[in-house]
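What follows is one structure encoded as structure tokens, with my remarks underneath.
Just so we're clear, the structure is a prediction, and the values are computed from it rather than from any experiment. Numbered from 1 within each chain, the chains take letters A, B, ... in sequence-line order.
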Amino acid sequence: MDWLEDELRRALARQDAPVGFAERVLARGRREPHGARRWLAAAAMVVVAAGAAGAWRQHQGYEAKREMMLALRLAAAPMHRIQLEVKDITQ
Amino acid sequence: MKTLLIACLAALPVLAAPQQFQLNLDSVAAKSSQHVDVSLNSATLQFAAKFLDADNPDESRVRKLIEGIEGIYVRHYNFKSAGVWTQADLEPIRAQLHGPEWSKIVGSTNAEDGGSTEVWLHLAGNKSIGMAIVATDPKEVTVVNIAGNIDLETLAKLGGHFGVPKVKDPKKEHKED
């Protein structure tokens, strides 16, 4: 069992942390909440921008529909008049 | 080379859609008291069609009607009094319609109200690929150009669905009596 004890002793031997490790850990801990907040803000901005783009597209769509209906109404009116006159003649 | 490219690009709209004519009605517009100017190309029509309500029978009819349409171009003018516009103002339009590819299918004049309506089709072989309507009365001028294939009967039927009184069939009316 000596070899096992030797292995364990080697593996679990105390080692000093690299230079500046503690500072790096503390600095990261301090940074993390701001980073998370930044990502959250960016995500919120993307959601708002996507929503605004969707609303704008919908507005444009309804505007295009309104113009299309107006154009068809103006085209249909003379056709309707002719239909009326033809019916008058054939009556 | 650059000049040639610009010239080719400038000529492109004319070459792309022969059934589409120039709605050069500046003289009429200048005399009008109110005017409506609508130009919708194929992409805009397809986009607009996405906003039609499938459950609404009228809008379903419109969706079907615009399936074959590549563009709708409308100019509508109102005048404060009769005699402001003259037939000469419409000559630039009529000159384009006198080409061999355009056939006048209906021309009607109403002596009572002084109104007239002309319907022209742009034919390619036996197929209609464009349409023009020139409708006038003393205080109104409407010029419509539809590029593509359009069902005239469906268009006429829409007259009763967009605030224009529906044509009453005298036979049906008689039966109801």
Region of L152(B) that comes under 4.5 Å of a non-hydrogen atom in chain A
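Both backbone and side chain.
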Would you mind checking which part of V134(B) comes under 4.5 Å of any heavy atom in chain A, side chain (CB onward), backbone (N, CA, C, O), both or neither?
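Contact with chain A: none, neither part.
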Working to the nearest 0.5 angstrom, can you tell me the gap between [X] [atom1] and [Y] [atom2]?
{"X": "M68(A)", "Y": "R63(B)", "atom1": "CE", "atom2": "CZ", "value": "8.5 Å"}
{"X": "D53(B)", "Y": "K65(A)", "atom1": "CG", "atom2": "NZ", "value": "6.5 Å"}
{"X": "L72(A)", "Y": "I146(B)", "atom1": "CG", "atom2": "CD1", "value": "6.5 Å"}

Largest heavy-atom contact set with chain A, pairs under 4.5 Å, which of I150(B), L45(B), L52(B)
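Looking at each of I150(B), L45(B), L52(B) in turn, L52(B) comes out on top.
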Is L70(A) reachable from Y62(A) through a run of I, L, V, M, F, W or Y residues, each pair having side-chain heavy atoms under 4.5 Å apart?
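No, Y62(A) and L70(A) fall in different hydrophobic clusters.
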Say whether L40(B) and F51(B) are linked into one hydrophobic cluster, either directly or through other cluster members, by side-chain heavy-atom distances under 4.5 angstrom.
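No: no chain of side-chain contacts under 4.5 Å links L40(B) to F51(B).
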Which pair of non-hydrogen atoms, one from [X] and one from [Y], has the smallest distance, and what is that distance?
{"X": "T136(B)", "Y": "R81(A)", "value": "O-NH2, 3.4 Å"}
{"X": "P78(A)", "Y": "T117(B)", "value": "CB-CG2, 3.7 Å"}
{"X": "F47(B)", "Y": "A64(A)", "value": "CD2-CB, 4.3 Å"}

Where on R66(A) is there a heavy atom nearer than 4.5 Å to chain B: the side chain, the backbone, both, or neither?
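Neither part, no heavy atoms under 4.5 Å.
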Under a 4.5 Å heavy-atom cut-off, does chain B meet the side chain of L74(A), its backbone, both or neither?
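L74(A) touches chain B through backbone and side-chain heavy atoms alike.
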Other residues, nucleotides, ligands: >12 heavy atoms within 6.0 Å of Q34(B) CD
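For Q34(B), atom CD is not crowded (no more than 12 foreign heavy atoms under 6.0 Å).
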I need the residue from Q58(A), R57(A), E63(A) with the largest number of non-hydrogen atom pairs under 4.5 Å to chain B.
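Among the listed options, the one with the most contacts to chain B is R57(A).
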